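Comments concern the structure below.
In this text the structure is predicted, and so the values were computed from the model without any measurement. We name chains A, B, ... by the order of the sequence lines, and we start the count at 1 in each one. Basis for what follows: all heavy atoms, side chains included, without hydrogens, waters or symmetry-related copies.
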There are 2 protein chains.
Amino acid sequence: MKKNIKRAYCAVDYAFQRIGGKYKGRILWVLREGCLRYGELNRAVVGITPKMLTQTLKELESDGLIVRKVYLEVPPKVEYSLTDTGMELIPFISQMRSWGEKQMSAN
Amino acid sequence: MKKNIKRAYCAVDYAFQRIGGKYKGRILWVLREGCLRYGELNRAVVGITPKMLTQTLKELESDGLIVRKVYLEVPPKVEYSLTDTGMELIPFISQMRSWGEKQMSAN
DNA sequence: CAGGATCCCACACGATACTG
DNA sequence: CAGTATCGTGTGGGATCCTG
């Protein structure tokens, strides 16, 4: 629940460490409207490999931003969803996204 | 003004690429209230080396987020400040910071 | 279906010294 | 004061194959 973070001198640094990395932002973003299965995430986050998906999901989970729910079925089913803490990030990821869209079209 | 960005599939990705990196967030943040000189930045962004500071400032400048202003004096004087585009990021960095503070004290 | 295991590498970042 | 220049390294991420 905390120790991917190396040492946060300031809160800005801390926050960026927690949602940094190549895919964390996009994963949180696609989970904003509800839970998704592993395979669905794999398709939603274009370009990600199973390895990176698994790894990133683990980090997000141990960081308390998402929840992993396993259904004991055959075939296996696993769903991921945002925690309350994770949801608190959505508004600002949304802002970043708007800013990004504006910038992209401005170029 | 654009081509540090490799390929942005989506705006979230694009935005994260532009303010990703170990120091960009903090540099933008300390510049929020006005311009700072190179040496002041070096002290404000704790732990950064001259190399990384120079490198990061160049990236931010070529990305159109900050402006570099050189005064032709002896001794040399260089000031950095946010562009309008850079300033647009401050509100949401501020949000992240609040979130980070809350999280840090929660642990 | 949802991953684990390996091997590999570029590049982001660091340390140190030097300069117009 | 405001940077360059060099050299070195850790690890984030990629490719590929395997499995309960």
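Listed for the B:Arg26 side chain is a donor-acceptor partner under 3.5 Å among the backbone atoms of B:Val46. Side-chain atoms of A:Thr83 come within 3.5 Å of backbone N or O of A:Gly64 as a donor-acceptor pair. For B:Ser105 (side chain) and B:Glu101 (main-chain N/O), a donor-acceptor pair under 3.5 Å exists by modelled atom type.
Between B:Glu79 and B:Arg68 there is no salt bridge, since no side-chain nitrogen of the basic residue lies less than 4.0 Å from a carboxylate oxygen of the acidic one. Ion pairing of B:Glu88 with A:Lys102 is present here, as a side-chain N (NZ or NE/NH1/NH2) and a carboxylate O approach within less than 4.0 Å.
The NZ-P distance, from A:Lys24 to D:dG13, rounds to 9 Å in whole Å. Note: CD (B:Glu79) to P (D:dG3) measures 12 Å, nearest angstrom. With rounding to whole Å, A:Gln55 atom CD is found 13 Å from C:dA5 atom P. Remark: C1' of D:dC1 and CG of B:Asn42 are 11 Å apart, rounded to the nearest angstrom. Distance A:Phe16 CZ to C:dA12 C1': 17 Å, rounded to the nearest Å. Rounded to an integer number of Å, the gap from B:Glu59 CD to C:dA12 P is 8 Å. Going from atom CG of B:Leu57 over to atom C1' of D:dG3 covers 11 Å, rounded to whole Å. In this structure, B:Tyr71 atom OH and D:dA2 atom P are separated by 11 Å, rounded to whole Å.
Close to C:dA2, at under 4.0 Å from its OP1 or OP2, lies a side-chain N or O of A:Arg37. When the side-chain nitrogen and oxygen atoms of A:Lys69 are compared with OP1 and OP2 of C:dA2, none of them lie within a distance under 4.0 Å. Dashed line: the shortest gap from a side-chain N or O of A:Tyr80 to OP1 or OP2 of C:dG3 is under 4.0 Å. Between D:dC1 and B:Arg43, no contact under 4.0 Å exists linking OP1 or OP2 to a side-chain N or O.
Note on residues 27-51 of chain A: pairs passing side-chain hydrogen bond (donor to acceptor under 3.5 Å, both in side chains), not counting sequence neighbours, are A:Tyr38-A:Thr54.
Heavy atoms of B:Tyr23 sit under 4.0 angstrom from primed sugar atoms or phosphate atoms, though from no base atom.
Rounded to 10 degrees, the angle between the two end axes of the helix from C:dC1-D:dG20 to C:dG20-D:dC1 is 60°, with five pairs used at each end.
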Base, backbone or nothing for each nucleotide of nucleotides 15-20 of chain D, written B, S, -, heavy atoms under 4.0 angstrom, 5' to 3'? B----B
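How far OH of B:Tyr80 is from CG of B:Leu41: 8.0 Å, rounded to the nearest 0.5 Å.
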Step by step, would you call B:Lys24 with B:Thr56 a side-chain contact (heavy atoms from CB on, under 4.5 Å)? CA-CA 7 Å; B:Lys24 287 189 182 178; B:Thr56 309; 3.6 Å; yes
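Taking every side-chain heavy atom of A:Val78 into account, C:dA2 is the closest of D:dT4, C:dC1, C:dA2. Of the candidate nucleotides D:dG13, D:dA2, C:dG3, D:dA2 has the atom nearest to the side chain of B:Lys77. Considering only side-chain atoms of B:Lys22, the nucleotide from C:dG3, C:dG14, C:dC1 that sits closest is C:dG14.
Classified by interplanar angle (parallel below 30°, tilted 30° to 60°, perpendicular above 60°), the ring pair B:Phe92/A:Phe92 is parallel.
For A:Gly21 and B:Gly39, each mapped to the nucleotide of DNA chain D holding its nearest heavy atom, the one lying further toward the 5' end belongs to B:Gly39.
Of all the heavy atoms in B:Ala44 and B:Val30, the pair that sits closest is CB-CG1, 4.2 Å.
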